[in-house]
Asker: 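This is the structure, below, for whatever I ask next.
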Amino acid sequence: MTMTTREEKRSKVTIHFAGDSGDGIQLAGSQFTLTTALQGNDLSTFPDFPAEIRAPIGTVAGVSGFQINFGSEEINTPGSNPDVLVAMNAAAFKKNIRNLKKGGIIIANEAGFDKRNLRLAHMDESVNPLDEVRASDYQLYRVDITKLNREALQDLELGMKERDRSRNMFALGFVYWLFHRNLDPTLQFLTHKFQTDPIVLEANIRALKKGYHYGETIEAVKRYSIESAKLKPGTYRNIVGNQALAMGLIAASQKAGLNLFYAGYPITPASDILHFLSRHKNFNVKTFQAEDEIAAITAAIGASFGGSMGVTATSGPGMALKGEALGLAVMLELPLVIVNVQRGGPSTGLPTKTEQADLLQAVYGRNGESPIPVIAARSPSDCFWVAFEASRMAVEYMTPVIVLSDGYIANGAEPWRFPKSDDLGKIQAPYFSGKEEYLPYKRNDKLVRSWVLPGQEGLEHRIGGLEKEKETGNVSYDPENHEEMVKIRAERIARIADDYPALERIQGPPKGRVLVLGWGSTFGSIKVAVRNAISEGLEVSQLHLRHVFPLPNDLGDIISGYDQVLIPELNNGQLSKLIRQEYDASVTAFNKIQGLPFRADEVLEKIRELHGA
Amino acid sequence: MTMTTREEKRSKVTIHFAGDSGDGIQLAGSQFTLTTALQGNDLSTFPDFPAEIRAPIGTVAGVSGFQINFGSEEINTPGSNPDVLVAMNAAAFKKNIRNLKKGGIIIANEAGFDKRNLRLAHMDESVNPLDEVRASDYQLYRVDITKLNREALQDLELGMKERDRSRNMFALGFVYWLFHRNLDPTLQFLTHKFQTDPIVLEANIRALKKGYHYGETIEAVKRYSIESAKLKPGTYRNIVGNQALAMGLIAASQKAGLNLFYAGYPITPASDILHFLSRHKNFNVKTFQAEDEIAAITAAIGASFGGSMGVTATSGPGMALKGEALGLAVMLELPLVIVNVQRGGPSTGLPTKTEQADLLQAVYGRNGESPIPVIAARSPSDCFWVAFEASRMAVEYMTPVIVLSDGYIANGAEPWRFPKSDDLGKIQAPYFSGKEEYLPYKRNDKLVRSWVLPGQEGLEHRIGGLEKEKETGNVSYDPENHEEMVKIRAERIARIADDYPALERIQGPPKGRVLVLGWGSTFGSIKVAVRNAISEGLEVSQLHLRHVFPLPNDLGDIISGYDQVLIPELNNGQLSKLIRQEYDASVTAFNKIQGLPFRADEVLEKIRELHGA
Amino acid sequence: MERNGTAYSSKDFSSDQDVRWCPGCGDYSILKQMQTVLPELGINRKDLVFISGIGCSSRFPYYMNSYGMHSIHGRAPAVATGLKAANPELSVWVITGDGDGLSIGGNHLIHALRRNLDINILLFNNEIYGLTKGQYSPTSELGKYTKSSPLGSIDHPFNPLSLALGADATFVARTVDRDPTHLREVLKRAHEHKGTSYVEIYQNCNVFNDGAFEPWTDKKQRDANSIILQQGQPLVYDGGNKGLRLDGLKPQIVDLTEGFSQSELWVHDEKDATKAHILSRFFNHEPGPDKFPRPFGILYSEDRFTYEEAMQNQLDKALELQGKGNLDELIRGKSTWEVE
Amino acid sequence: MERNGTAYSSKDFSSDQDVRWCPGCGDYSILKQMQTVLPELGINRKDLVFISGIGCSSRFPYYMNSYGMHSIHGRAPAVATGLKAANPELSVWVITGDGDGLSIGGNHLIHALRRNLDINILLFNNEIYGLTKGQYSPTSELGKYTKSSPLGSIDHPFNPLSLALGADATFVARTVDRDPTHLREVLKRAHEHKGTSYVEIYQNCNVFNDGAFEPWTDKKQRDANSIILQQGQPLVYDGGNKGLRLDGLKPQIVDLTEGFSQSELWVHDEKDATKAHILSRFFNHEPGPDKFPRPFGILYSEDRFTYEEAMQNQLDKALELQGKGNLDELIRGKSTWEVE
Ligand SMILES: Cc1ncc(C[n+]2csc(CCOP(=O)(O)OP(=O)(O)O)c2C)c(N)n1
Ligand SMILES: Cc1ncc(C[n+]2csc(CCOP(=O)(O)OP(=O)(O)O)c2C)c(N)n1
Ligand code: SF4
Ligand code: SF4
Ligand SMILES: [Mg+2]
Ligand SMILES: [Mg+2]
């Protein structure tokens with residue numbers, strides 16, 4: 001390899017970093033993300049953790065991946081087939097090579113392809129797969145990262161193991177060189193991270209720089225430059241979904257003038273919300289790690305009763321446990337936010353994979369008639385808005401609200417033109433005005449009861465899970481009263497839809513052949529697919545639901561403008577069921593249940609199919 | 001009152017017994033039921049317990065009721081407006097008088113209408129409401145039961161309190177006289193019940209007989225005779241729903257050659273199933289009172305894993321707690337029966353009242369794609385058949401099966417032409433044949449895996465809630481495998497519908513204007529309503545679903561034969577949702593959410609309305 | 001949560017709802033003593049909250065003129081934990097039954113005890129499921145015949161005080177519905193204890209389990225069968241006729257009428273965990289002359305920081321370390337860039 | 001469940017699945033010792049069942065060539081209860097973690113202990129949530145810094161052995177992953193005990209909580225910090241240098257090198273509940289010379305009827321009283337009538 005380096009401009013690149021769980025892939029990925037964001041590209045990322053078990057080193061089960069899609073154009077998904085594969089060992093190569101685009105780049109750590117690693121990856125020990133890569137298929141960089149890195153750190157007082165820990169920085173450095181990335185953000189990050197350990201800091205910095213310089217040394221074939229994206233003007237930051245969600249909760253509590261009380265029980269992929277909030281106690285946030293999910297939600301209910309904003313988050317199995325308490329919250333009519341960061345089910349299922357299969361559980365998973373609004377986030381940054389909106393609804397309408405996120409957007413990242421706190425609407429709790437006699441279940445014109453907190457003199461009252469008399473809230477077994485209360489509870493939730501903003505079509509004509517209707521995390525893939533379909537000349541539009549229950553009032557009208565409604569979902573057709581039961585529409589369910597997000601081309605293909613193409 | 005007694009024939013009579021919780025109303029009611037059944041009438045009963053609290057004596061909240069509808073014609077409901085009201089006190093009178101048919105009979109215990117009782121019933125103390133009853137409106141018997149009864153027992157060595165305890169027998173005796181009932185069954189019952197307490201026995205016998213003779217003494221206005229019903233020939237018994245359900249479980253376990261393992265946590269109105277089974281340990285029934293509903297279902301799963309027929313029963317709030325474990329059962333593919341005896345919701349709701357509002361919870365209330373068959377009982381005796389059928393499905397298809405009953409049929413009774421054990425089909429568990437290599441998740445042509453029990457040599461294997469590799473059942477995170485497994489699990493449940501018997505119309509033409517489609521306990525009311533509508537000349541048919549999930553394959557065809565489908569439900573329209581989402585039909589939901597069953601005339605009125613009448 | 005100004009009377013704590021327990025139920029007495037003792041406790045009514053689960057006993061909050069929540073079965077300790085942690089100003093009382101608290105709710109109970117919020121948990125133990133009409137409970141004695149155990153219960157019952165001690169409760173006491181003075185005294189001590197006070201109250205269910213506690217309530221038997229614990233006092237019972245001493249680890253009953261000196265007796269020390277352990281094990285279901293008397297009063301009491309204090313300290317510490325949270329800074333994060 | 005015929009080797013208990021714990025995890029050692037000791041226990045493999053919940057530790061059943069179920073979080077004791085009650089022939093082992101068994105599953109655990117089925121519950125205590133990547137657990141020490149407690153945990157931890165004793169467990173023991181011989185010995189005793197055997201196993205999570213048990217595993221420290229309990233033997237530790245005695249209820253450390261005689265020492269008696277209680281309270285999180293050593297071995301063991309026996313007895317009794325159930329008679333009931 002002694003060609004001279006050429007330069008090429010690209011509008012979009014997808015890189016997949018892969019290596020053993022211990023190889024620091026997630027760190028390298030998130031550094032690349034940050035650097036790229038700061039260089040002004042639009043981007044979307046998707047970490048692909050190994051399944052919850054810690055698999056033995058070197059095995060395919062133990063491969064950790066991180067994919068980033070970035071460019072000068074609008075980016076909506078982490079990309080389907082990567083242009084670049086960084087493979088730290090044979091298992092990482094084996095797992096990901098089939099996805100790599102033809103003509104793509106492989107950066108392979110030579111030392112990870114020895115007999116031992118081949119054996120661990122259950123590959124033929126006698127053939128180094130790198131020898132089999134044809135130059136016509138891929139651009140292969142075989143780099144003995146382990147060796148080069150060790151050499152670079154020779155003089156440092158570090159054990160072999162500790163030296164090898166900075167291999168990820170070496171690889172990252174090389175990728176930075178290939179894509180003209182700026183080293184500074186990562187250098188700053190390392191300096192902060194290892195401030196108490198100068199030797200390790202030195203090792204990492206050297207590794208990063210050595211990797212970068214390695215590019216120059218070998219005169220690699222091509223370097224790529226990607227111009228900044230033409231994003232809406234403004235100030236941006238990079239944001240991960242779960243972080244955004246937690247921040248949305250904090251923002252809402254501040255805007256509502258309430259203390260945030262978060263009760264959770266760890267569960268993948270929701271735990272990071274607990275972790276984040278527990279680091280932000282200076283926002284008057286109390287976090288409570290409960291003994292289980294039932295204790296978490298009931299403690300949150302207790303906190304709401306006491307005048308805080310009670311919140312709990314979990315994933316599918318934990319959500320199943322909260323059903324009974326959700327019914328209580330329906331009866332109490334207190335603010336409560338319940339977040340379900342969905343993962344692959346049923347049962348323990350695929351804990352580290354993504355899915356949208358808890359929608360019907362959210363809408364119907366309780367005994368009795370117990371309607372609860374359900375809203376879903378569409379992207380990492382949208383988690384902020386959805387958390388904020390759910391909190392607002394919970395407080396202003398005095399109701400539990402379920403937020404659906406999923407593993408894909410919870411762990412994914414994207415640039416975010418974040419709002420100013422002043423631009424966030426104020427949230428007004430319906431406190432009792434004190435002007436008339438206080439009846440706990442007397443309602444305003446939106447059928448919302450007023451809120452009185454323990455500690456308020458003279459307004460002592462009792463609430464509970466038995467059916468209540470209409471206004472007084474006293475226990476009542478009267479038949480007509482029960483029917484009336486069931487209807488009121490249904491109506492008050494239904495009426496929330498009256499306050500939704502009008503639905504906005506994302507793209508495509510207002511009437512036509514095909515409407516692609518989505519909800520939740522499929523937004524990005526659908527957006528790319530529909531954009532491409534339109535550019536192919538197909539008559540197709542995109543609509544995306546934030547509020548999945550109650551459905552928006554204007555949805556029926558919009559749907560009726562199209563011959564067909566295509567509903568892509570990462571489940572076996574759950575929104576399709578809800579739509580069919582409400583509207584007279586020709587619905588085509590398009591389902592993927594692989595623990596993975598849609599690739600845009602999968603959706604595009606389906607759109608073509610519906611056009612008879 | 002010195003008229004001579006006349007005789008009148010009636011084809012149908014509805015009697016409502018009412019008194020304080022302590023008045024022995026339920027006992028009187030069940031004795032009347034048994035006697036009437038033995039006299040060959042068709043009948044249907046409905047006990048109306050006071051709400052779970054034990055209200056203070058004499059209050060309306062403390063009134064216990066028991067209604068029986070019996071006759072020489074076919075009886076399908078406990079009747080709407082009673083012909084006879086037995087009121088042991090003012091509160092019982094106050095609560096029930098408005099339902100009594102014009103011209104009906106009131107039997108009032110004079111002592112229960114003194115000032116104290118009027119006060120307790122929150123009635124005007126200065127007016128005895130019995131004085132206000134106009135002879136043109138009702139036939140009133142004012143009987144000083146308390147006094148007469150005390151007098152009759154004067155010479156017995158019993159305290160006043162204990163004497164008063166047999167007042168119910170006095171009242172019952174009088175009713176027996178009025179309706180020509182045979183005293184023997186009750187005399188036998190008393191003799192058995194009080195075998196160890198001869199004085200109490202004597203008191204009860206005397207009270208019963210005194211009440212009977214009282215009729216003669218006062219020369220009451222009219223006696224009524226009701227001929228035996230023209231029921232299908234055969235041997236009959238009287239049966240209560242929860243008993244029937246428990247017996248169905250025992251029968252199924254015997255027919256399957258399995259031990260029954262029942263795990264339950266007490267909850268109204270399901271507890272009687274536990275009580276019944278715990279008295280039948282001589283059928284190799286093990287009953288386990290668990291610490292909560294989650295322990296109950298998981299213990300049942302453990303028992304099924306061990307080779308028993310695992311069963312658990314509960315009601316709404318308990319069902320909500322079982323959601324997570326249901327998902328596990330879906331993954332394990334083991335036999336399991338889960339009974340939900342529904343009650344008024346949401347949350348604790350109306351625990352002693354009936355409702356059908358847990359249907360969507362049964363169908364959708366779990367995380368992930370986790371289909372479970374759901375079948376529903378239509379009457380007290382049908383609880384037997386549904387329990388048997390659910391057990392058969394669970395064992396033969398290796399799946400959890402949800403049974404829906406409700407408080408109305410669980411506590412209600414009817415005559416039952418019971419089957420011989422030989423006529424019950426055999427249940428064949430899909431045990432591993434041993435002929436080929438054992439793979440835990442290898443399936444037969446119905447997609448059912450074979451069953452191997454711990455204790456079988458050489459077939460040791462592990463199962464669990466993580467996604468599994470297709471045939472081996474080993475843990476698998478493979479995307480395509482997951483999709484395939486989700487589809488297989490859906491398909492194997494969907495295919496159960498292929499084995500359903502063809503749907504049978506209950507009455508009415510095979511095509512026409514209106515189809516009344518019901519499920520569960522509303523069967524009887526709908527049947528009467530449709531019969532009456534037909535006799536009024538309306539074009540209406542009745543279809544009733546036993547299998548609510550998956551829906552029968554032939555349902556769509558049948559539905560399409562009618563202009564309109566009327567779906568009466570004791571909820572806010574849940575089956576309606578399922579039907580709308582599956583079929584293109586003009587569905588009218590007719591809902592009652594009062595904790596009470598439909599009255600036939602309510603449904604009839606709705607049918608008329610649909611006919612534009 | 002202290003009240004200034006005019007004093008309350010017990011009536012101030014009665015709500016307007018009809019009390020709907022069975023006539024004769026022991027719950028009435030507990031309600032009455034609670035309403036009677038409250039004016040002495042100096043709690044401002046506006047800060048008083050009762051949280052219950054489901055059961056006859058759990059109807060209690062409806063009858064109290066205070067804030068209250070009748071939650072769901074078994075979860076009251078968790079609801080109370082959230083409430084108290086969120087709002088430490090409140091005086092929070094959990095009302096639970098032997099089924100609610102020890103069967104379905106056992107886990108929340110033991111976790112509440114170890115966490116030690118400053119709340120009071122009153123467990124109305126009637127050794128039966130009352131509301132569901134008479135099944136055996138986790139405290140029903142072995143062999144008990146009930147609707148769900150027609151051949152007798154085979155479940156070894158919990159010892160509710162041993163369990164609490166095992167869960168590191170900081171205040172463990174027992175009292176009984178039929179002894180109003182003692183009941184009020186224990187309620188008062190429970191209130192005064194800073195930390196989770198766990199009080200088992202023997203409560204007669206005269207409908208489904210009448211007489212379960214007769215050995216300790218019946219005038220004729222109770223003196224011989226019960227011992228009233230008093231801090232710093234020797235363990236004497238049976239009208240002064242009997243006492244307890246310790247022989248090493250072994251407790252012994254001694255006859256004080258036979259000249260045994262009081263000075264050799266075991267002196268009650270509610271701070272001594274081992275003594276509390278031994279006392280909690282006086283748990284024979286059918287007492288008799290050679291059996292140890294059932295102890296009533298405060299078996300154990302320990303000072304330990306409360307959960308809500310520790311939680312608040314962390315908020316203070318976070319303020320100190322991180323400064324008051326600034327929403328704009330939070331949203332902006334550490335690295336941003338401009339697009340023009 | 002005893003096996004006749006050829007003996008097993010440890011390999012016979014290895015399943016064909018790759019073991020997927022982190023390299024260096026203490027779980028490996030426990031797995032190995034289990035597989036090593038099983039051939040000695042005489043259990044027929046076909047009757048051997050492992051039931052677990054969710055957690056790193058709960059993957060255990062997949063690696064055992066036996067019957068097994070990886071159930072849901074916290075519910076393994078309930079699954080095992082149903083399994084053993086339904087099928088008493090089986091040798092049932094519950095594998096659980098400190099989160100699985102003491103957090104979400106605490107209630108099932110204590111109920112299993114009081115019921116006393118003849119099962120073995122092995123609680124792998126690594127004082128952390130491993131599988132969810134490092135949050136504090138109900139056994140994490142106060143002040144512990146974890147992902148969910150960045151300012152230190154404020155939850156007073158459970159003492160897992162005290163809790164079990166409080167729940168009336170009939171067999172309570174402690175052992176540690178790093179002492180294979182002791183581990184095997186305790187597993188054997190657990191198997192032999194008829195009733196629920198509760199074994200806490202200290203297990204190092206080298207990824208999220210490395211070194212949590214160093215005071216009791218590190219060669220240099222462990223002798224001074226641990227005491228190995230042996231039935232009937234005096235409590236001696238630190239290589240024979242130190243011993244324990246009882247002064248009334250109070251345990252004391254005595255220096256055996258200073259001429260203190262062994263005969264005055266506390267003699268271990270696993271049948272003595274009070275002694276077990278005191279031993280379980282040797283639970284100081286940071287041991288030191290004046291602190292009591294952490295006990296390993298069987299703290300307590302008691303004979304009590306098992307639940308499944310009692311259940312079977314009732315079936316037998318029902319047979320005796322009611323005769324073998326006849327389905328037709330059941331369905332027919334007591335009163336019937338004919339319609340012609
Ligand atoms: C989830 C759930 N399961 C079961 C029930 C039924 N239930 C109501 S109260 C109760 C037990 C009551 O016993 P206890 O707590 O001892 O209270 P008591 O009535 O004896 O005062 C049960 C099982 C319920 N309400 N909710
Ligand atoms: C209902 C439910 N809630 C939460 C989880 C997530 N979860 C899995 S394992 C675990 C705790 C594991 O800790 P531990 O029992 O100590 O096992 P370890 O991994 O440390 O061996 C949690 C919270 C889950 N799987 N199910
Ligand atoms: S059932 Fe028992 S506990 Fe419940 S109110 Fe009646 S007497 Fe009291
Ligand atoms: S995370 Fe800890 S407990 Fe889990 S496998 Fe790794 S070392 Fe073991
Ligand atoms: Mg009770
Ligand atoms: Mg752990």
Side-chain angles (χ1 to χ4, degrees), chain A residues 50-51 61 294 315-321 323-324 326-328 330-331 340 342 344-353 355 357-358 360-361 363-370 464-467 475 477 479-480 482-483 486-487 489-490 571-572 577-578 580-582 584 592-596, chain B residues 50-51 61 294 315-321 323-324 326-328 330-331 340 342 344-353 355 357-358 360-361 363-370 464-467 475 477 479-480 482-483 486-487 489-490 571-572 577-578 580-582 584 592-596:
Chain A
I294 303 176
S315 189
M319 197 66 188
L321 289 169
E324 193 203 1
L326 283 171
L328 175 65
V330 166
M331 282 301 231
N340 179 354
Q342 300 163 96
S347 194
T348 312
L350 294 173
T352 57
K353 303 291 166 184
E355 203 159 275
D358 300 349
L360 291 171
Q361 178 195 37
V363 178
Y364 295 126
R366 294 166 290 283
N367 58 304
E369 295 291 347
S370 45
L466 286 164
E467 186 55 286
V475 173
Y477 299 101
E480 281 83 18
H482 175 50
E483 178 150 322
V486 168
K487 299 276 187 195
R489 282 188 292 262
N571 60 37
N572 212 8
K577 289 211 166 82
L578 293 178
R580 284 203 188 104
Q581 112 201 343
E582 293 296 327
D584 220 6
K592 175 172 177 176
I593 321 163
Q594 305 187 354
L596 295 170
Chain B
I294 302 177
S315 189
M319 196 67 188
L321 289 169
E324 192 202 3
L326 283 171
L328 175 65
V330 166
M331 281 302 230
N340 179 354
Q342 300 164 95
S347 194
T348 312
L350 294 173
T352 58
K353 303 291 165 185
E355 204 159 277
D358 300 348
L360 291 171
Q361 178 195 37
V363 177
Y364 296 126
R366 295 165 288 282
N367 59 304
E369 295 290 348
S370 44
L466 285 165
E467 186 55 286
V475 173
Y477 299 101
E480 281 84 17
H482 176 50
E483 178 148 323
V486 169
K487 299 276 189 196
R489 282 189 292 263
N571 61 37
N572 212 8
K577 289 209 166 83
L578 293 178
R580 283 203 188 102
Q581 109 200 346
E582 293 296 327
D584 219 6
K592 175 172 177 176
I593 321 162
Q594 306 187 353
L596 295 169

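Keep in mind the model is a prediction, meaning the values are calculated, not measured. Chain letters run A, B, ... following the sequence lines, proteins first and then strands; every chain starts at 1.
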Asker: What pair of heavy atoms forms the shortest contact from A:Leu466 to B:Gly349, and how long is it?
Answerer: CD2-O, 3.3 Å
Asker: Please check this pair: side chain of B:Asp358 against backbone of A:Gly368, looking for a donor-acceptor N/O pair closer than 3.5 Å.
Answerer: yes
Asker: So which part of A:Glu369 gets closer than 4.5 Å to some heavy atom of chain B, the side chain, the backbone, both or neither?
Answerer: both
Asker: Is chain B contacted by the side chain of A:Glu582, its backbone, both, or neither, given a heavy-atom distance below 4.5 Å?
Answerer: side chain
Asker: Which one wins on heavy-atom pair count under 4.5 Å against chain A: B:Gly318, B:Gly595, B:Ala357?
Answerer: B:Ala357
Asker: Are B:Leu360 and A:Val363 close enough that some pair of their side-chain heavy atoms sits under 4.5 Å apart?
Answerer: no
Asker: Compare every heavy atom of B:Glu483 with every heavy atom of A:Ile593, then report the nearest pair and how far apart it is.
Answerer: N-OE1, 2.7 Å
Asker: Name the option with the most non-hydrogen atom pairs under 4.5 Å to chain A; the candidates are B:Asn340, B:Asp584, B:Val330, B:Asn571.
Answerer: B:Asn571
Asker: Under a 4.5 Å heavy-atom cut-off, does chain A meet the side chain of B:Leu328, its backbone, both or neither?
Answerer: both
Asker: Any idea which of A:Ser370, A:Gly344, A:Pro346 has the most non-hydrogen atom pairs under 4.5 angstrom with chain B?
Answerer: A:Pro346
Asker: Can you tell me how far CG of B:Leu578 sits from CD of A:Gln581, rounded to the nearest 0.5 angstrom?
Answerer: 7.5 Å
Asker: Closest approach of A:Ala320 and B:Asn367, non-hydrogen atoms and distance?
Answerer: CB-OD1, 4.0 Å
Asker: Working to the nearest 0.5 angstrom, can you tell me the gap between B:Leu326 CG and A:Ser347 OG?
Answerer: 10.0 Å
Asker: Name the member of B:Lys577, B:Arg580, B:Arg489, B:Gln342 that forms the most heavy-atom pairs with chain A at distances under 4.5 Å.
Answerer: B:Lys577
Asker: Does any part of the side chain of A:Met319, heavy atoms only, come nearer than 4.5 Å to the side chain of B:Glu324, both counted from C-beta?
Answerer: no
Asker: Taking side chain as C-beta onward, heavy atoms only, is B:Gln594 less than 4.5 Å from A:Glu480?
Answerer: yes
Asker: For chain B, which candidate among A:Gly465, A:Gly323, A:Ser315, A:Gly345 shows the most heavy-atom pairs at distances under 4.5 Å?
Answerer: A:Gly465
Asker: Using side-chain heavy atoms (C-beta onward) and a distance below 4.5 Å, is A:His482 in contact with B:Lys353?
Answerer: no
Asker: Just verifying a value: how many Å separate B:Thr348 OG1 and A:Glu467 CD, rounded to the nearest 0.5 Å?
Answerer: 11.0 Å
Asker: Enter the distance from A:Asn572:CG to B:Lys487:NZ here, rounded to the nearest 0.5 Å.
Answerer: 4.5 Å
